[in-house]
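Predicted, not measured: the structure shown is a model, and the values here were computed from it.
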Amino acid sequence: MLLVLGRRVSLSFVKRVIPQDPVLLSKPILQNFRTIQFRVIHSSTVFAIATRQNTDTMPERRPFVRLPTDVYPVNYGLCLKPDLIDFTFEGKLEAIVEVNLATNQIVMNCADIDIITASFVPEGGEEINATGFNYQNEDEKVTLSFPSALQKGSGTLKIDFVGELNDKMKGFYRSKYATPAGEIRYAAVTQFEATDARRAFPCWDEPAIKATFDISLIVPKDRVALSNMNVIDRKPHPEDDSLLEVKFATTPIMSTYLVAFVIGEYDFVEGQSSDGVTVRVYTPTGKAEQGKFALEVAVKTLPFYNDYFNVPYPLPKIDLIAIADFAAGAMENWGLVTYRETALLIDPKNSCSSSRQWVALVVGHELAHQWFGNLVTMEWWTHLWLNEGFASWIEYLCVDHCFPDYDIWTQFVSADYTRALDLDALDNSHPIEVNVGHPSEVDEIFDAISYSKGASVIRMLHNYIGDEDFRKGMHSYLLKFQHKNAATEDLWDCLEQASGKPIALVMSSWTKQMGFPIIVVDQEQQGDDRILKISQKKFCASGPHNGEDCPNWMVPISICTGEDPGCTKLKVLLDSPETTITINNVSPDQWVKINPGTVGFYRIQYSSAMLESLLPGIRDLTLLPVDRLGLQNDLFSLSRAGMISTVEVLKLMEAFVNEPNYTVWSDLSCNLGVLSSLLSHTDFHEEIQEFIRDLFTPIGLKLGWECKQGEGHLDALLRGLVLGKLGKAGHKPTLEEARRRFKDHVEGKQILSADLRSPVYLTVLKHGDSATLETMLKLHKQADMQEEKNRIERVLGAISAPDLIQKVLTFALSEDVRPQDTVSVIGGVAGSSKHGRKAAWKFVKDNWEELHNRYQGGFLISRLIKLSVDGFAIDKMAAEVKSFFESHHAPAAERTVQQCCENILLNAAWLKRDADDIHQYLLKRKAPPV
């Protein structure tokens, strides 16, 4: 699955998951049993007893226990009939199961579903009706009791049940859309990862309990019905000629979380990959054109993975479909991949360059899972990181293959690598591998550690092994475990055999302990040789770890010199706290750099002389873009940790005046944004805006507003970034031009190109009034494309007047904003100004019940909290946030709350420590020379 986290740039990946306490179901469904109730099964005189535990008064959660293994499924025969008017569904399950051990009960997962009847038919025997259903709501399980023991051997478990098409964007849920004529209708769609298949049908909902599936859907005949496999039969329903029964081919053996079905109205575009797989992209009705870009990417991507893994794609077709209401970025259901509209649809005229890149990455990510995750699946959620980290790494490899002009690996460093370093430096981080028990713990690990740190350590591992051996190891892993489950260690074994290197030993230091090292480097010249003294200690956001029990890492270290910055001169594996390395034939005037390509997952602190020698490489661009970026980002991080003065970083930033690279500017911009947010708590916020204007003006003048001949993807991204930064910082010529172009756009004289819309919208709103906001809301209402609506939603918070900020916050919860997008509107308000931050936090507190009910256990609640409070920089705010969440529990966001409180205290300490020096420096640099 793809997370939609607020990425440092527009590449944002994030994930959803998680069960909340079961909600009460709608009228046709049995209510939450608190007493034993009796119900007749069929017309026989056998009674079934259904009990539910009263979760309101339950004690602390018991230790989690996985499902018993005495009965397991071989094949699920599943027929579902959704009601798109009443938002309920009826289901019939006929599962072929194997009884391993004689038992008089079957324990399965089940949530928000009511079983009407259940029975078991042993192979060649008499049907045995269940006499009781005991629902354990807290554990999302049901125990079916039988009057006599089910004997060892095969049999068929039959269950009739009903459920609700919920509005929580998980399980089997309803998704609202408008027809081209403007009529509101609903589709029935699924999102099962991690533990929500149990909301659609009773099942063994654990990744290691794989089975085949025969799925049938009974649907209105004017609707499209899709599932993992191709349709093999379509016939009128015998009882209602307005309905069709659609039957799908048997799936390969697979995990429940990868099952999917969609019923709605869609158009599609179709193609075929060079290896013969039918690829379709399903779009809202009338928008088939917008599926063409994703189709082009998918058709190129399947053969790429086929070749890379040397294992063919195992299904006859793959569908990619845009879902209107969707919490995650996308979900890799086998053969039927679901996406947010903005992660799949591209309008040639109205989509910006960053959207095209985002779609390419998300398609690459989800299609990688068809092998790595679907064909070979993690044994348990503890190994989720491998699934997600791997897909988050290889999506870049794939996009680099399809679109070499994107310079995507440099963007990886800004989007994933530095973001993971920032989070993993906190005391409230967690190791990549986390032991997961109860389902409600799973969502805690759908975060930047699993995705971005996971991807970063796999990138480091790939670099350490080399591409050829890495591919060899991957191939043998996929062949050995296809249609099965595997743990992290299984991959290490295969890579170790392929490369002959101590992979398990090296990697366990990165996956089983949290954090990462700071590599401290000093040097001396001895004749023609350079002697490097290198040591490691744990890096913490509050400064280096000085405790007794300092952890160590097995650190692959590469070294290059000024003679050939793109070529690694030496590779070593640092497996001790410190070491000395000799590099031969390095003249005294040459610089030496650690970690060329910014591949190793660590921060670096150079001696002042070494750092001094590297700085000219920033001005004259002899250092590679990714290394210029890495150097700046390391120093910025050291300043936040109090290890160097922030003034040193500001001086370094001024050396980037000749910088041509988009990603380097993007990272600089992001760090200046952090600094600007921090200094909004002071009375010299305007001085940092002036610094930003001075730094960005030369590149802004060079780029101008119009696209020039010969420019490509990265020029478009850079222009949008720079103009937005100048406009927000109040650069007068940029503001005037933005207002002029906005007026022409609104009046229809000259429509803004898609790449200029975000910077122009942001600029006019930041310096706008109520009329500007009204115009923007009108544009939002008129927008036919979700990308344009999202573009506007993300910048609305830039408005400055307190009454207008309130209006934007109210709009966030209105019907005009899709539920998954409310979070980015509130986040936009919190991130734009000191007043916005306070107003957004108050709004979240005042509307907590509605917001929590809407997002409950999903990752969106964590994202909402992080965006609302992360920017505070006063100690007492950390106490206030902590206290609020002690009385307003959000179990799915517990770690996020701790991380936010830690960040607030770190911001406050940074401000106390450096504010005066920063102020003096900003004043001095503008003072006339004496």
Side-chain angles (χ1 to χ4, degrees), residues 8-9 11 389 392-401 404-421 452-470 501 506 510 516-519 521 532 534 536 553-574 581 583 586 590-606 610-611 613-615 617-618 621-637 656 659-668 714:
R8 293 167 58 89
V9 290
L11 309 183
S392 298
W393 168 75
I394 206 168
E395 70 189 53
Y396 283 87
L397 197 71
C398 167
V399 168
D400 193 44
H401 165 78
D405 58 318
Y406 282 13
D407 183 29
I408 203 73
W409 280 115
T410 307
Q411 296 196 54
F412 174 89
V413 175
S414 184
D416 279 270
Y417 170 94
T418 56
R419 188 164 148 264
L421 286 170
S452 299
K453 183 180 179 182
S456 299
V457 299
I458 286 169
R459 175 171 168 256
M460 177 169 71
L461 173 66
H462 174 264
N463 183 265
Y464 171 60
I465 294 177
D467 189 61
E468 192 182 330
D469 286 346
F470 187 86
K501 291 183 173 174
V506 171
W510 295 97
F516 57 88
I518 179 165
I519 305 295
V521 196
L532 298 184
I534 294 180
Q536 61 161 307
W553 284 264
M554 302 273 277
V555 191
I557 287 185
S558 303
I559 300 163
C560 71
T561 67
E563 187 181 24
D564 187 354
C567 178
T568 297
K569 189 141 178 138
L570 188 67
K571 282 188 173 189
V572 293
L573 185 66
L574 176 64
I581 297 164
I583 311 172
V586 181
Q590 273 185 46
W591 51 255
V592 168
K593 183 176 186 311
I594 309 290
N595 203 16
T598 317
V599 175
F601 193 75
Y602 46 82
R603 297 280 184 201
I604 305 170
Q605 185 172 28
Y606 292 102
M610 286 186 83
L611 183 61
S613 69
L614 286 166
L615 296 185
I618 290 176
L621 310 178
T622 49
L623 274 171
L624 297 177
V626 71
D627 291 323
R628 302 197 294 269
L629 187 162
L631 205 56
Q632 177 267 136
N633 198 282
D634 275 350
L635 288 174
F636 188 77
S637 185
F656 283 86
E659 181 57 57
N661 184 279
Y662 159 69
T663 313
V664 178
W665 275 113
S666 172
D667 202 70
L668 262 171
L714 293 164

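The backbone N or O of Gly597 lies less than 3.5 Å from a partner atom in the side chain of Asp627, making a donor-acceptor pair. No donor-acceptor pair under 3.5 Å is formed between the side chain of Tyr662 and the backbone N or O of Gln411. In this structure, Tyr606 contributes its side chain and Ile594 its backbone to a donor-acceptor pair below 3.5 Å.
If you take OH on Tyr396 and CZ on Arg459, they are separated by 10.0 Å, rounding to the nearest 0.5 Å. Here the CE atom belonging to Met610 is positioned 12.0 Å from the CG atom belonging to Leu615, to the nearest 0.5 angstrom. The CE atom of Met554 sits 5.0 Å away from the CG atom of Leu573 when rounded to the nearest 0.5 Å. In this structure, Tyr464 OH and Lys571 NZ are separated by 9.5 Å, a value rounded to the nearest 0.5 Å. Between the CZ atom of Arg628 and the CG atom of Asp667 there is a distance of 12.5 Å, given to the nearest 0.5 Å. Here the straight-line distance linking atom OG1 of Thr418 with atom CG of Leu629 works out to 7.0 Å at 0.5 Å rounding.
Here the closest heavy-atom approach between residue Leu421 and residue Tyr602 is recorded as CD2-N, 4.2 Å. Taking every heavy atom of both residues into account, Phe656 and Trp665 meet most closely at O-CZ2, 3.6 Å. Closest heavy-atom contact between Trp393 and Ala455: N-CB, 3.7 Å. Scanning both residues, Asn661 and Pro625, for their nearest heavy atoms gives ND2-CB, 3.6 Å. Across all non-hydrogen atoms, the minimal contact from Val457 to Trp510 is CG1-CB, 4.2 Å. Minimum heavy-atom separation, Gly566 to Leu624: CA-CD1, 4.0 Å.
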Next on the checklist: One pair to check against side chain to side chain contact (heavy atoms under 4.5 Å, CB included): Leu611 and Leu635. What are the steps and the verdict?
Outcome noted: CA-CA 10 Å; Leu611 183 61; Leu635 288 174; 4.0 Å; yes

Checklist entry - Going through the checks in order, is the side chain to side chain contact (heavy atoms under 4.5 Å, CB included) test met by Ile618 and Leu631? => result CA-CA 9 Å; Ile618 290 176; Leu631 205 56; 3.9 Å; yes

Checklist entry - So Asp407 and Thr410, side-chain hydrogen bond (donor to acceptor under 3.5 Å, both in side chains) or not? Walk me through it. => result CA-CA 6 Å; Asp407 183 29; Thr410 307; 2.8 Å; yes

Next on the checklist: Does Gln536 form a side chain to side chain contact (heavy atoms under 4.5 Å, CB included) with Val555? I'd like the steps, not just the answer.
Outcome noted: CA-CA 9 Å; Gln536 61 161 307; Val555 191; 4.1 Å; yes

Next on the checklist: One pair to check against side chain to side chain contact (heavy atoms under 4.5 Å, CB included): Asp405 and Leu714. What are the steps and the verdict?
Outcome noted: CA-CA 8 Å; Asp405 58 318; Leu714 293 164; over 6 Å; no

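Residues Phe516 and Phe601 place their aromatic rings such that the two centres sit under 6.0 Å apart.
Between Arg603 and Ile519, the closest side-chain pair of non-hydrogen atoms is not below 4.5 Å. Using a 4.5 Å heavy-atom cutoff, the side chains of Ile583 and Leu532 are in contact. Contact check for Ile518 versus Ile604: no side-chain heavy atoms found under the 4.5 Å cut-off. No side-chain heavy atom of Ile559 sits under 4.5 Å from any side-chain heavy atom of Lys593. Looking only at side-chain heavy atoms (C-beta outward), Ser452 and Phe412 stay at 4.5 Å or farther from each other. Here the side chains of Trp591 and Leu623 are in contact, with some heavy-atom distance below 4.5 Å.
No more than 12 heavy atoms of other residues, nucleotides or ligands shown are found within 6.0 angstrom of CD on Glu563.
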